[in-house]
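As structure tokens, the structure follows; a few thoughts come after it.
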Number of protein chains: 2
Amino acid sequence: MTGSGNINTDTPTTPPERGQGATSIWEVARAAGVSHQTVSRVINGKPHVRPETRALVLATIEELGFTPNRAAQALAGGPVRAVTVLTADTAAYGYAAALRGIEEAARAARFTVGISVLEPDAARQPQDVIERLSAGRAAIVIAFEAAGVRALDALPENLPVVGVVERPASGHVPDGRPQVWIDDREAASRATRHLLGLGHRTVHYLSIPSSTQRPSQRMQGWQDALRAAGAPVPPQHPAGWTPRSGYRAARGLVADREVTAILAGNDDLAIGVLRAAREAGRDVPGDLSVIGFDDAPQSAYLNPALTSVRLDFEGLGRAGFGLLHNLLDPNAAAAPPVWDEPELILRESSGPAPR
Amino acid sequence: MTGSGNINTDTPTTPPERGQGATSIWEVARAAGVSHQTVSRVINGKPHVRPETRALVLATIEELGFTPNRAAQALAGGPVRAVTVLTADTAAYGYAAALRGIEEAARAARFTVGISVLEPDAARQPQDVIERLSAGRAAIVIAFEAAGVRALDALPENLPVVGVVERPASGHVPDGRPQVWIDDREAASRATRHLLGLGHRTVHYLSIPSSTQRPSQRMQGWQDALRAAGAPVPPQHPAGWTPRSGYRAARGLVADREVTAILAGNDDLAIGVLRAAREAGRDVPGDLSVIGFDDAPQSAYLNPALTSVRLDFEGLGRAGFGLLHNLLDPNAAAAPPVWDEPELILRESSGPAPR
DNA sequence: GTGAAAGCGCTAACAT
DNA sequence: ATGTTAGCGCTTTCAC
């Protein structure tokens, strides 16, 4: 139940590297026979440096193994090259994928990326949130649920911040902050229509948590399709993000043979549904159809392979970073942020209604 | 195929917060009628401040909404309160879980955590790696494969760094750096013995990538058990980290009816194996037994539920951070790092050998 | 094209 | 117990 001795601490514990240790801009300057200012110019790729001088300095930097001190750069008011990602979760697919996208884009732009997980009850006040930010003081908040939204609200107006959010209600533009989202309402409708087209009388919905009190647009899309088709609109079943929570929420549902189609808020939930279905002796897709959202890497390999709405969270994350980058440096002229449209990937878990 | 208009950029784009914007220690000092030094003392919880003074300063800080500038703290040689996690992957379960553990422990210690993904070919030289580090210049490297090990090697001796690594060969203590690992060799043996005990003639192994040329200890554990039991030792099948790679590696294997037991290097691989088995018409566990490593959250809900060796990567991550924390501040006297021993979780995917 | 001066916000000595 | 004096390593001005 407890830890083991698998630790190796043989290091000649050098004191944490203070002061005279690291080579500074000055040493490079002296070694190259120029002023520290010139070195600074070279580092930042600024103009007004003779090519030869630049080359010399570059060589010296290489030779001395010099690396600019980020803290000093930030303090001296250099360009912000750091983002902190605030998120309530790192395990759920959407969050993790968005984070990957952000990190990837940030790395390409030579930004440092920090990450801080938001506990449900923390980060209500500006200070709580700001304290989490690393040097640069620029942030991207993944706000798919309440905690993220609160953090977004708590961050002071004057900080460069972009939100990666749930699709807001139409015409209901969120607070005046740069934000990106995936338009999943139509995707939810499409998945629902697909099921209806297969002959199912109606479709039941297992929802992931929403960022607001009001129903998410994903749920709205499901209702839209149901209403448009004149199908009954069953109450939605609130669930969490995990297979376990999907399993729990679905147990009751699958016991009812009238239920022949279930739309799960994400693929992990769908895994739980698949499991519950099997335990209840329901055959998927013969007896019951299941569709998820995300198209996680596992989904194609499940038994049965899961039909799912592919959501490009990585692209969304990249776009979120792009937006922030533009905010920090309008001249960067980064490529316009784009990400894939949701796409319904048909696999084995959905099929014609029984009988 | 491409992006959509779901962007909102209505912000009165305030310039990125420079200079006089943020309240500093001086303003707090003036407002409280003390010196900036006293404020500093209060911030850092240093002694030699009268309780009343402390309270007054605290109140002023609260009132002004002051937050210390991390860059300045770092620059002025304050205690390092930042770690950067270097990792080659953030999607695979082990990596992601270790990262979560690190983040959790770091947050509790009020550390900022940075993250940087190592591309296979980068980070060969100290500079490449150091550039990725954020302000604090302390790092934790998740080195489950080659890229991580290279980064670990490239980092200068004098930086505070700890490695979260693959279990090293016994007696083969790695380079003199603080490291933590999970002792999975015995766990692999146990899983193998379990299968052998079920009557399987032998067990086949699908390996995840190793951090070194030599075989991983996990694989070694599998071989140990096979040899000890006098069972034939089939060649191992190298795979990656994903379900897809598990599926590919297993397709050939499952076609062979002689193969009745497969040990997969992680649960994602096992998912791929399960899929390949089903496509090949093999019944699990009636016909074929499958065991994975990790006990990921999905594993209990798969069809069939996956027997797996639970590996406490979160605990390992927490321990890694604990080690680093001690390195940076020996007085911190953090609780000794502990994490759970591997544990074989029996579920539906393993059973008696056929016939 | 290059250098010198000033200061970013903070902490670590030293005073007092 | 509190205040004063120096920097930390860098990027700005502004001179030359």
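All values derive from a computational prediction rather than experimental measurement. Values reported hereafter were calculated over all heavy atoms of this structure, with side chains retained and with hydrogens, waters and symmetry mates removed. Just so we're on the same page: letters track the sequence lines, and every chain starts at 1.
By the 4.0 Å N-to-carboxylate-O rule, B/R70 lies too far from A/E131 to be salt-bridged with it.
Between B/I43 and A/V34, the one whose closest nucleotide on DNA chain C sits nearer the 5' end is A/V34. Looking at which nucleotide of DNA chain C each of B/N69 and A/S35 is closest to, the 5′-most match is held by A/S35. The residue among A/H36 and B/R41 whose nearest nucleotide of DNA chain D lies closer to the 5′ end is B/R41. In terms of position on DNA chain D, the residue among B/A72 and B/P51 whose nearest nucleotide sits closer to the 5' end is B/P51.
When the P atom of C/dG9 is taken as reference, atom CZ of B/R30 falls 14 Å away, rounded to whole Å. Spacing between atom CH2 of B/W26 and atom C1' of C/dT11 amounts to 12 Å, rounded to whole angstrom units. At whole-Å resolution of the value, CG in B/N44 and P in C/dG9 are 17 Å apart. Here the P atom of nucleotide C/dG1 and the CZ atom of A/R54 are 11 Å apart, to the nearest Å. For the pair A/Q73 CD and C/dC8 C1', the interatomic distance rounds to 13 Å; values are reported in whole Å. Between the CG atom of A/L75 and the P atom of D/dT12 there is a distance of 12 Å, given to the nearest Å. Taking atom NE2 of A/H48 as the reference point, atom C1' of D/dT11 lies 15 Å away to the nearest angstrom. Atom CD in A/E27 sits roughly 14 Å away from atom C1' in D/dC10 (whole-Å rounding).
Classification of the B/W26-B/H36 ring pair by plane angle, with boundaries at 30° and 60°, yields parallel.
Checked against the 6.0 Å centroid criterion, the rings of A/F313 and A/Y95 do not qualify as a close aromatic pair.
Contact annotation: B/S40 side-chain N/O to C/dT11 OP1/OP2 distance is under 4.0 Å. Put simply, A/Q37 has no side-chain N or O that comes within less than 4.0 Å of OP1 or OP2 on C/dT2. OP1 or OP2 of D/dT11 has not a single side-chain nitrogen or oxygen of A/K46 nearer than 4.0 Å. Distances shown here put every side-chain N or O of B/T53 at or beyond 4.0 Å from the OP1 or OP2 atom of D/dA1.
Here A/P47 lies out of heavy-atom contact (under 4.0 Å) with every strand. Contacts of A/P79 with the nucleic acid, taken as non-hydrogen atoms under 4.0 Å apart, are absent.
Checked against C/dG1, C/dG9, D/dC10, the side chain of A/F66 finds its nearest nucleotide in D/dC10. Checking D/dC10, D/dT13, C/dT11 against the side-chain heavy atoms of B/I25 singles out C/dT11 as nearest.
The main-chain N or O of A/A147 is found under 3.5 Å from a side-chain atom of A/E145 such that the two form a donor-acceptor pair. A distance-only check finds a donor-acceptor pair linking the side chain of A/R150 to the backbone of A/P120 [under 3.5 Å].
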